[in-house]
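What follows is one structure encoded as structure tokens, with my remarks underneath.
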Amino acid sequence: MLRRATSALLSGASRRRFSTDVPATPSADSSFVEAWKKVSPNLDPPKTPLSFLKERPPIPSTLPSKLTVNFVLPYASQLSAKEVDMVIVPATTGQMGVLPGHVATIAELKPGVLSVHEGNDVTKYFVSSGFAFIHANSVADIVAVEAVPVDRIDADLVQKGLQDFTQKLNSASTDLEKAEAQIGVDVHSALNSALTG
């Protein structure tokens with residue numbers, strides 16, 4: 001039974017199509033467009049999600065020397081198509097260094113320091129949470145809920161916030177109060193680490 005299942009899986013793997021096998025240019029549904037023109041000849045057919053997709057960027061054949069970074073927040077763009085040497089992101093699995101030619105990855109961000117290395121210059125941001133999308137063509141899209149340059153953080157306010165949330169955690173009576181206080185302690189501890197480390 002197990003041998004048949006394994007051989008069936010292996011023989012199916014040779015017929016399996018991967019996303020890289022799909023053509024890079026989105027194709028229009030010609031039968032839909034023809035049917036639309038019969039019903040409403042004076043109106044353009046509605047756009048489908050495929051019509052909004054851009055062409056898949058080509059994967060470079062040689063290793064690029066720079067990493068292109070887009071770092072955005074819900075209300076602003078911190079970095080847009082900036083070419084850098086390396087980015088270190090605070091992923092939930094640990095600190096993740098991203099260099100040009102990094103394998104395509106999606107990582108969830110935890111509260112911590114995002115470092116952007118450009119030559120000898122290092123710019124550090126504290127991010128609360130978000131996602132990092134690393135593409136195979138040496139482009140990194142980093143989307144954070146909130147971010148602030150580390151040099152703008154007030155150490156006294158961080159210490160006060162850490163004490164306040166620790167006190168709230170110790171006096172919390174409901175699960176909701178404990179969860180809110182624990183989030184506050186985690187964020188302020190990460191802020192404190194960003195300032196001291």
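This structure is a prediction, so every number in the text was calculated from the model and none was measured. One is the number of the first residue; the rest follow in order along the sequence.
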Around atom NZ of Lys66, are there more than 12 heavy atoms from other residues, nucleotides or ligands closer than 6.0 Å?
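Atom NZ in Lys66 is crowded, with more than 12 foreign heavy atoms closer than 6.0 Å.
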- Return yes when atom CG of Asp175 has more than 12 non-hydrogen atoms of other residues, nucleotides or ligands closer than 6.0 Å, and no otherwise.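 Not buried by this count: 12 neighbours or fewer within 6.0 Å.
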Say you draw a straight line from [atom1] of [X] to [atom2] of [Y]; how long is it, rounded to the nearest 0.5 Å?
| X | Y | atom1 | atom2 | result |
| --- | --- | --- | --- | --- |
| Thr92 | Lys110 | OG1 | NZ | 8.0 Å |
| Gln182 | Ser189 | CD | OG | 8.0 Å |
| His135 | His102 | NE2 | NE2 | 12.5 Å |
| Ser129 | Ile183 | OG | CD1 | 10.0 Å |

Looking only at side chains, do Tyr75 and Glu146 share a donor and an acceptor under 3.5 Å apart?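 On atom types as modelled, these side chains qualify, holding a pair under 3.5 Å.
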Will you find, in the side chains of Ser173 and Glu177, an N or O donor that is under 3.5 Å from an N or O acceptor?
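Checked: Ser173/Glu177 side chains pair up, N/O donor to acceptor below 3.5 Å.
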If only atom types and distance count, is the side chain of [X] paired as donor or acceptor with the main-chain N or O of [Y] below 3.5 Å?
| X | Y | answer |
| --- | --- | --- |
| Asp121 | His117 | no |
| Ser138 | Gly101 | yes |
| Asp141 | Phe133 | no |

Stepwise side chain to side chain contact (heavy atoms under 4.5 Å, CB included) test for Glu118 and Thr123 | CA-CA 8 Å; Glu118 186 177 12; Thr123 308; 6.0 Å; no
Do the side chains of [X] and [Y] join up, straight or via other hydrophobic residues, at under 4.5 Å, putting them in one cluster?
| X | Y | answer |
| --- | --- | --- |
| Val89 | Phe126 | no |
| Leu109 | Leu79 | yes |
| Ile106 | Val143 | yes |
| Leu67 | Tyr125 | yes |
| Leu195 | Leu162 | no |

Indicate the atoms forming the closest heavy-atom contact of [X] with [Y], along with that distance.
| X | Y | result |
| --- | --- | --- |
| Ile142 | Val69 | CD1-CG1, 4.2 Å |
| Ala136 | Ala104 | N-CB, 4.0 Å |
| Ser128 | Val145 | OG-CB, 3.7 Å |
| Ala147 | Leu73 | CB-CD2, 3.6 Å |
| Ala144 | Pro74 | O-CD, 3.2 Å |
| Val72 | Ser77 | CG1-OG, 3.8 Å |

Would you say that [X] contacts [Y] through its side chain, given a criterion of any heavy-atom pair below 4.5 Å between the two side chains?
| X | Y | result |
| --- | --- | --- |
| Met96 | Val98 | yes |
| Gln159 | Leu157 | no |
| Asp154 | Val158 | no |
| Gln95 | Pro90 | yes |

Exercise for the section: Just do the salt bridge (charged side-chain N to carboxylate O under 4.0 Å, His left out) check on Asp164 and Lys168 with the steps written out, would you? Expected result: CA-CA 6 Å; Asp164 290 348; Lys168 285 180 184 178; over 6 Å; no
Test side chain to side chain contact (heavy atoms under 4.5 Å, CB included) on Leu191 and Ile153; report intermediate values, then the result. CA-CA 8 Å; Leu191 277 164; Ile153 299 172; 3.5 Å; yes
Hey, mind stepping through Leu114 and Val87 against side chain to side chain contact (heavy atoms under 4.5 Å, CB included) and telling me if it holds? CA-CA 7 Å; Leu114 172 105; Val87 173; 4.0 Å; yes
